[in-house]
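Below is one structure, written out as structure tokens; the observations come after it.
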Amino acid sequence: MLTLNAIRNQTKEVIERLSKRAIDRSSDIEEILKLDEAKRSKQTELEQNLAKSNMLAKEIGELFKSGKKEEADIKKEESVKLKDASKTLEFEMAEIEEKLTQKLYEIPNTPSHQVKLGKTPEDNEVVFEWGEEPKLHKDAKPHWELTSQYSLVDFELGNKITGAGFPVYTGKGARLQRALINFFLDEALNAGYYEIQPPILVNEASGYGTGQLPDKEGQMYHMTVDNLYCIPTAEVPITNIYRDVILKEEELPIKNVGYTPCFRREAGSYGAHVRGLNRLHQFDKVEIVQIAHPEKSYELLEEMVEHVKGLMMKLGLKFRILRLCGGDMGFASAMTYDFEAWSGAQQKWLEVSSTSNFETFQANRLKCRFKNKECKNELVHTLNGSALALPRIVASILENYQTEEGINLPVCLHPYLGFTKI
RNA sequence: GGAGAGUUGUCCGAGUGGUUUAAGGAGCACGCCUGGAAAGCGUGUAUAGGCCCAAAGCUUAUCUAGGGUUCGAAUCCCUAACUCUCCGCCA
């Protein structure tokens with residue numbers, strides 16, 4: 001959620017930055033400003049009333065004490081009248097306030113200056129590309145055939161136990177998963193991240209904190225009996241650690257890493273592009289999260305990008321980095337880099353990481369602040385990125401490293417695997 | 001799941017309807033004192049808002065949360081969350 005302060009004091013800049021999402025939000029902003037003003041005038045009126053009531057109550061107390069009951073009764077009547085007036089004002093104010101927050105919730109984050117104006121994925125900028133086209137033999141197969149040929153993933157079995165999109169990893173497939181998770185975690189630890197193992201069910205407040213609620217309610221699995229949600233990403237519990245927290249400036253930046261399974265309903269997406277491991281309801285991901293000083297956040301975003309880059313290079317997978325255009329960015333993001341791994345047999349790019357700076361958008365909802373040099377509380381910036389999401393990495397590895405004699409796994413994984421080849 | 005007890009500021013802790021404008025203590029910060037430190041003394045010590053160009057000042061709300069009773073609620077009533085103890089169940 002954008003801060004009212006920004007909308008009020010930097011109106012022009014907010015509208016300008018929002019326009020990069022290829023939608024004009026100026027009328028919404030105008031409405032917010034109007035509602036804000038209306039709310040404030042009601043509030044002033046209400047508070048003056050309350051101040052009077054408080055004074056009267058005190059006077060009545062003193063009159064009672066000195067035994068002047070009749071005078072007290074007169075003041076009582078006055079007080080009752082004031083109270084009615086206050087109730088009306090309070091109601092009116094609450095009504096305006098609700099409209100205001102509703103409107104605020106609907107406004108996406110303002111893209112950073114570096115983000116290009118654009119509407120669709122075609123407008124995204126490729127900022128980096130690395131690796132060579134794998135030389136595959138003529139019978140090279142897509143990963144969903146390899147997984148069944150080598151008994152790595154059983155989609156049918158998952159279908160039986162749970163449903164489509166919940167694969168069962170078996171044998172070397174399961175061990176590859178475990179190796180990747182450990183590799184990603186160790187790499188993050190070496191880069192200075194602190195490991196967290198969070199709950200994978202979260203409450204409503206956490207959903208609101210990172211912005212999954214109310215807008216993306218349909219994306220999460222919801223346990224209605226206990227009103228808990230399955231996390232769609234470790235970002236939700238790990239960032240919510242800092243909900244309602246005031247940090248010391250010297251604690252920043254906080255760098256956390258966590259592995260969790262992730263659950264996404266992905267309602268309405270079926271067909272060829274969800275084949276095999278391309279899109280699942282449950283998948284594994286190692287996530288890096290940073291809580292940053294506002295002046296340092298973009299530097300740290302680049303640092304995170306470098307970290308993910310390093311992972312891809314060690315895995316030896318051809319990949320590219322996109323800086324998303326305004327229209328393709330997530331609702332809460334101010335700037336996002338997507339990493340795409342090349343899938344040699346499918347001949348297409350698969351998104352394997354999304355690394356973003358949310359600036360104060362999440363921090364505002366989370367109420368995560370730090371005490372700055374003037375001892376004032378200031379909102380932090382939050383950042384996160386996948387480092388990395390497993391299924392599509394597995395797909396790329398299997399497809400790109402396949403030979404007629406089997407699949408040669410990346411050297412960096414050997415110590416984690418206990419075997420080198422499938 | 002059942003029964004009981006609890007939740008007050010950074011922390012401890014007093015407080016059963018009106019000088020609570022949240023006592024007192026500890027911690028922390030600053031100052032005095034000191035050769036330096038401790039002790040001692042003094043001052044300060046939350047959050048979110050509103051009025052205001054701003055500051056100063058004034059003001060509202062916040063004693064786990066949300067409702068209610070009352071002229072007036074930390075205090076009384078209702079609901080919920082959490083913590084502790086005992087019982088039950090359990091990897």
Side-chain angles (χ1 to χ4, degrees), chain A residues 1-12 32-101 103-105 197-209 213 223-229 237 240-251 360-380:
Chain A
M1 179 162 61
L2 293 178
T3 62
L4 253 182
N5 243 333
I7 293 177
R8 220 188 278 162
N9 300 330
Q10 295 138 40
T11 314
K12 254 196 183 161
I32 285 174
L33 286 172
K34 267 191 207 152
L35 285 168
D36 175 46
E37 203 165 312
K39 192 215 114 189
R40 271 152 53 208
S41 87
K42 283 278 176 226
Q43 184 176 350
T44 306
E45 212 181 324
L46 171 66
E47 285 182 358
Q48 280 168 357
N49 256 11
L50 289 176
K52 263 189 228 167
S53 293
N54 285 345
M55 229 161 58
L56 277 175
K58 223 175 270 176
E59 285 170 17
I60 291 168
E62 275 160 32
L63 288 173
F64 262 113
K65 215 169 255 174
S66 52
K68 296 176 187 159
K69 200 163 177 295
E70 276 155 41
E71 274 179 63
D73 284 341
I74 293 168
K75 297 236 179 205
K76 258 197 202 179
E77 264 174 59
E78 202 179 327
S79 188
V80 172
K81 268 185 215 155
L82 256 182
K83 212 179 142 185
D84 284 342
S86 297
K87 269 210 174 133
T88 316
L89 282 170
E90 207 182 328
F91 178 79
E92 287 168 353
M93 189 180 99
E95 226 176 17
I96 297 170
E97 204 168 8
E98 205 191 310
K99 270 189 212 158
L100 180 61
T101 20
K103 264 283 169 226
L104 273 175
Y105 270 141
Q197 219 179 89
I200 57 178
L201 298 184
V202 294
N203 58 26
E204 221 176 358
S206 295
Y208 277 96
L213 296 173
M223 327 264 158
T224 50
V225 176
D226 298 295
N227 198 22
L228 296 172
Y229 294 86
N240 269 284
I241 292 172
Y242 305 97
R243 171 151 48 83
D244 293 316
V245 167
I246 297 171
L247 296 157
K248 293 189 191 111
E249 189 167 3
E250 58 268 24
E251 288 179 90
T360 60
F361 197 83
Q362 287 183 330
N364 188 30
R365 283 199 195 178
L366 288 164
K367 295 205 186 73
C368 177
R369 293 152 297 174
F370 71 99
K371 279 232 185 286
N372 65 20
K373 300 226 161 55
E374 288 90 51
C375 262
K376 287 255 163 76
N377 291 339
E378 191 179 332
L379 291 171
V380 299

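In the text below, chain A, chain B and the rest are named by the order of the sequence lines, each starting its count at 1.
- Across B:U45 and B:G57, the matching P atoms stand 11 Å from one another, rounded to whole Å.
- Between A:L247 and A:C368, the shortest heavy-atom distance links the atoms CD1-SG, 3.9 Å.
- Across B:A39 and B:U21, the matching P atoms stand 34 Å from one another, rounded to whole Å.
- Distance from the side chain of A:T44 is smallest to B:G50 among B:U47, B:G18, B:G50.
- Contact annotation: the side chain of A:D226 never approaches that of A:L201 to less than 4.5 Å [non-hydrogen atoms, C-beta and beyond].
- Put simply, A:N54 has a side-chain N or O that comes within less than 4.0 Å of OP1 or OP2 on B:U60.
- Across all strands shown, B:U21 has no partner, as no Watson-Crick or G-U wobble contact with both distances under 3.5 Å is found.
- Taking atom CD1 on A:I246 and atom P on B:U10, their separation rounds to 8 Å, with Å as the unit.
- No more than 12 heavy-atom neighbours from other residues, nucleotides or ligands sit within 6.0 angstrom of CD on A:E98.
- Of the nucleotides present, B:G4 is the one that pairs with B:C84 by Watson-Crick or G-U wobble criteria, both distances under 3.5 Å.
- Nearest to the side chain of A:K371, among B:U47, B:G49, B:C71, sits B:U47.
- For the pair A:E77 CD and B:U70 P, the computed distance is 15 Å after rounding to whole Å.
- Remark: C1' of B:U59 and NZ of A:K42 are 19 Å apart, rounded to the nearest angstrom.
- Here B:A61 presents its P atom at 15 Å from NZ of A:K52, a figure rounded to the nearest Å.
- Comparing the C1' positions of B:C63 and B:U47 gives a spacing of 14 Å, expressed to the nearest Å.
- Comparing B:U47, B:C71, B:G49 by their nearest atom to the side chain of A:I60 picks out B:C71.
- Side-chain atoms of A:S79 never come within 3.5 Å of backbone atoms of A:K75 as a donor-acceptor pair (strictly under, hydrogens ignored).
- Of the nucleotides present, none pairs with B:C53 by Watson-Crick or G-U wobble criteria with both distances under 3.5 Å.
- The base of B:G50 lies outside donor-acceptor range of the side chain of A:Q48, with no N or O pair under 3.5 Å.
- To the nearest angstrom, P of B:A48 lies 16 Å from CD of A:E47.
- When the C1' atom is compared between B:A38 and B:A54, the two are found 44 Å apart, to the nearest whole Å.
- More than 12 non-hydrogen atoms from other residues, nucleotides or ligands lie less than 6.0 angstrom from CD of A:E249.
- A straight line from CE of A:M55 to C1' of B:U60 spans 14 Å, rounded to a whole angstrom.
- Under the Watson-Crick and G-U wobble criteria, each requiring two contacts below 3.5 Å, nucleotide B:C89 is left unpaired.
- Applying the Watson-Crick and G-U wobble criteria (two distances, each under 3.5 Å), B:U70 pairs with nothing in any strand.
- An OP1 or OP2 oxygen of B:G72 is reached within less than 4.0 angstrom by a side-chain nitrogen or oxygen of A:K83.
- For the atom pair NZ (A:K103) and CG (A:D36), the distance works out to 14.5 Å, reported to the nearest 0.5 Å.
- Here A:N377 lies in heavy-atom contact (under 4.0 Å) with sugar-phosphate atoms only.
- Shortest non-hydrogen contact noted between A:L2 and A:F361 is N-CE1, 3.6 Å.
- For the pair A:R369 and B:U47, the criterion of a side-chain N or O lying under 4.0 Å from OP1 or OP2 is not met.
- The CG-P distance, from A:N5 to B:G50, rounds to 8 Å in whole Å.
- Counting to the nearest Å, the P atom of B:A48 and the CG atom of A:N364 are 12 Å from each other.
- At a threshold of 4.5 Å between non-hydrogen side-chain atoms, the residues A:L46 and A:Q43 do not count as touching.
- Rounded to whole Å, the separation between the P atoms of B:A5 and B:A56 comes to 48 Å.
- Residues A:D36 and A:G61 each lie close to RNA chain B; by heavy-atom proximity, the contact nearer the 5' end of the strand is made by A:G61.
- When the C1' atom is compared between B:U43 and B:U64, the two are found 33 Å apart, to the nearest whole Å.
- Among the atoms of the strands shown, only primed sugar atoms or phosphate atoms (P, OP1, OP2) are found under 4.0 Å from some heavy atom of A:L50.
- At the heavy-atom level, A:K367 lies nowhere under 4.0 Å from the strands shown.
- Toward the 5' end of RNA chain B, the nearer of the two residues A:R40 and A:K58, judged by each one's closest nucleotide, is A:K58.
- A gap of 10 Å separates the P atoms of B:A61 and B:A74, to the nearest Å.
- For the P atoms, the distance linking B:U8 with B:G13 amounts to 8 Å, nearest Å.
- B:G31 is paired with B:C41 under the criterion used here, namely a Watson-Crick or G-U wobble arrangement in which both key atom distances are under 3.5 Å.
- Remark: B:A61 base-pairs with B:U47; criterion is Watson-Crick or G-U wobble with both hydrogen-bond distances under 3.5 Å.
- Applying the Watson-Crick and G-U wobble criteria (two distances, each under 3.5 Å), B:U16 pairs with nothing in any strand.
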